[in-house]
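Note sheet for the following structure.
Both counts, for ligands and for their atoms, begin at 1 and track the order of listing. For reference, positions follow the sequence shown, starting with 1. From a predicted model like this one, the values you see are computed outputs, not experimental measurements.
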Amino acid sequence: MSKQQRYFVTGGAGFIGSHLVENLLARGAAVAVLDDLSSGRLENLAGVADHPSLQIHVGGLDDEERLDALTGAADTVVHLAAAVGVERVVREPLRTMESNLFGFERVLDAAARHSRRVLVASSSEVYGKGGKSPFSEDDDVVLGATTKGRWSYAATKMVGEFLTLAHRRQSGLEGVVCRFFNTIGPRQSDQYGMVAPRFVRQALAGKPLTVYGDGSQSRCFCDVRDVVEAVALLAETPEAAGLVVNVGSDREISILELAEMVLRLTGSGSTIERVPYEDAYEPGFEDIVRRVPDTARIRNLIGWQPRRTLEQTLQAIIADERRKMKLPSPAREGAWAAAGD
Ligand code: UDP
């Protein structure tokens, strides 16, 4: 039998993190989680909390001793801990920059000290508002002015990418940058502005669905369970070291169409309300009109592509939100059919 792989996952109680932990445990790996529970929740790990190969540590990345020990005890580090969500970034830019920059640097330093492979979470925000579609990993990035809060998040993620690649060059660190595109699924909080859980909750509560701008902006949504499968595969792929890799779906949908799909799948009688961007975020807010990944690199590298359709993912979110809102489960038929898996 081959040796049990040991993973250290920062942000492991978060939305993507908890799904990754489940995936890794199901592969037979041992997993140590470090999470400060600022946006993660222990409840996200309830399904695996008693697993003999899981350790959960509550704390921040500023505890350097613990960070060092957990890194040294692992074969691979996956760094997901970060401040997320455009609304939160606009609201709390200092906290976002602090955790995304200093925490990131500490994790990389620890991985370099112990010569551990490290996968780091970046974001499609890094592409900024470049007009090109789809976005390929080596494309130019086009960020807006520093006076516009949104772009601080992209800038921190860019610095994280530069640091990872610099460590690769200078210390041979096996770093992999995962540029996540819009990732959705059960357990995602609607608190930080993410559109899918928010529309589902609004629809289930009979409230208007808040479409920002005219709703013609588009995104590609990928199921979190597919995303973490990609991360697990990348972690096992030595050729990924030193690369930036887009991780996402290339099925494009406008936000207005997404709202309509949520109404259809929930059977809700809610209306759609258009909200000007400046009311939703801040004056002068710039949205990204289209965001589509070029997925050639990840396909060639690990043969991965998403398995679940957007409809299946939305059904899973609807089931999850119904449970959280303590709504009775609908009959398993017609528009109410339960999620595929
Ligand atoms: N959005 C919206 N209504 C909401 C929340 C978000 O119309 O209640 C829009 C948002 O302006 C963006 C898209 O949905 O155009 C995706 O937003 P999200 O914050 O989920 O991800 P982003 O792609 O902005 O990182």
Side-chain angles (χ1 to χ4, degrees), residues 14-16 39 82-93 96 100 121-130 133-135 141 143-144 148-158 178-185 187-205 207-224 227 246-263 266 268 270-293 310 313-314 317 321:
F15 162 55
I16 298 181
S39 58
V84 290
V86 175
E87 277 187 28
R88 169 153 156 194
V89 168
V90 169
R91 258 195 338 252
E92 301 175 46
T96 306
N100 290 8
S122 185
S123 163
S124 55
E125 274 288 304
V126 162
Y127 290 107
K129 51 183 179 171
S133 192
F135 288 127
V141 300
L143 302 190
K148 305 212 159 121
R150 166 178 206 143
W151 303 114
S152 67
Y153 178 73
T156 63
K157 287 291 175 185
M158 267 178 73
C178 303
R179 268 190 196 159
F180 294 126
F181 281 66
N182 294 70
T183 303
I184 62 170
R187 296 180 206 150
Q188 185 171 37
S189 167
D190 72 334
Q191 223 183 322
Y192 310 111
M194 271 65 162
V195 69
R198 183 165 286 187
F199 280 179
V200 167
R201 282 184 91 83
Q202 290 168 335
L204 291 176
K207 294 188 180 148
L209 272 59
T210 50
V211 168
Y212 298 165
D214 66 5
S216 66
Q217 71 274 27
S218 70
R219 296 292 185 272
C220 298
F221 296 97
C222 191
D223 193 299
V224 65
V227 166
N246 285 342
V247 181
S249 155
D250 50 16
R251 172 173 173 190
E252 188 178 4
I253 183 170
S254 76
I255 296 304
L256 186 58
E257 285 168 324
L258 178 76
E260 286 162 355
M261 190 183 280
V262 168
L263 289 180
T266 52
S268 165
S270 290
T271 54
I272 291 178
E273 179 187 302
R274 293 209 169 65
V275 179
Y277 281 118
E278 57 268 30
D279 293 350
Y281 300 103
E282 61 179 354
F285 179 84
E286 293 173 311
D287 200 7
I288 287 142
V289 182
R290 288 184 76 190
R291 177 184 275 164
V292 182
L310 179 57
T313 307
L314 287 174
I317 298 173
E321 293 296 342

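- Among all non-hydrogen protein atoms, the one lying nearest atom 7 (O) of ligand 1 is Y212 N, 2.8 Å.
- Contact of the E321 side chain with the P197 side chain is registered, since non-hydrogen atoms from C-beta on lie closer than 4.5 Å.
- The shortest heavy-atom distance from Q202 to ligand 1 is not under 4.0 Å.
- Comparing V195, N182, D190 by heavy-atom distance to atom 20 (O) of ligand 1, the nearest is V195.
- Among protein heavy atoms, atom 9 (C) of ligand 1 sits closest to Q217 NE2, 3.9 Å.
- Here's the thing with A196: none of its N/O atoms is less than 3.5 angstrom from an N/O atom of ligand 1.
- Atom-to-atom distance recorded for S218:OG and R251:CZ is 12.5 Å, nearest 0.5 angstrom.
- To the nearest 0.5 Å, atom CG of residue N246 and atom CZ of residue F180 are 11.0 Å apart.
- The G193 neighbourhood of ligand 1 comprises atoms 5 (C), 6 (C), 19 (O), with distances under 4.0 Å to a heavy atom of that residue.
- In this structure the side chain of V262 never reaches within 4.5 angstrom of the side chain of I317, judged on heavy atoms.
- For atom 13 (C) of ligand 1, the closest non-hydrogen atom on the protein side is I255 CD1, 3.6 Å.
- Geometric assessment of R179 against the ring of F135 yields a negative cation-pi assignment under the 6.0 Å and 45° thresholds.
- From L209, atom CG reaches atom CG of L258 across 8.5 Å, with rounding to the nearest 0.5 Å.
- A centroid separation of 6.0 Å or more is found between the aromatic rings of F285 and Y212.
- Closest to atom 3 (N) of ligand 1 among all protein heavy atoms lies T210 O, 2.6 Å.
- Distances below 4.0 Å separate heavy atoms of R198 from the following atoms of ligand 1: 8 (O).
- Contact check on E125 versus R291 returns a salt bridge, with a Lys/Arg side-chain nitrogen under 4.0 Å from an Asp/Glu carboxylate oxygen.
- The CD atom of Q188 lies 11.0 Å from the OG1 atom of T313; values are rounded to the nearest 0.5 Å.
- Protein heavy atom closest to atom 25 (O) of ligand 1, with residue, atom name and distance, is R291 NH1, 3.4 Å.
- Counting heavy atoms from C-beta on, the side chains of F15 and V224 come closer than 4.5 Å.
- The ligand atoms of ligand 1 that sit less than 4.0 angstrom from a heavy atom of V211 are 7 (O).
- Residue R88 places no heavy atom under 4.0 Å from ligand 1.
- Taking only nitrogen or oxygen atoms, main chain and side chain alike, Y277 does not reach within less than 3.5 Å of ligand 1.
- In summary, E286 and R150 do not engage in a salt bridge, as defined by a charged side-chain N under 4.0 Å from a carboxylate O.
- Proximity of Y281 to ligand 1, defined as any heavy-atom pair under 4.0 Å, is confined to the side chain (atoms from C-beta onward).
- Of the protein's non-hydrogen atoms, D287 OD2, 2.6 Å is the one closest to atom 15 (O) of ligand 1.
- Scanning the protein for heavy atoms near atom 23 (O) of ligand 1, the closest one is R219 NE, 2.6 Å.
- Proximity of R150 to ligand 1, defined as any heavy-atom pair under 4.0 Å, is confined to the side chain (atoms from C-beta onward).
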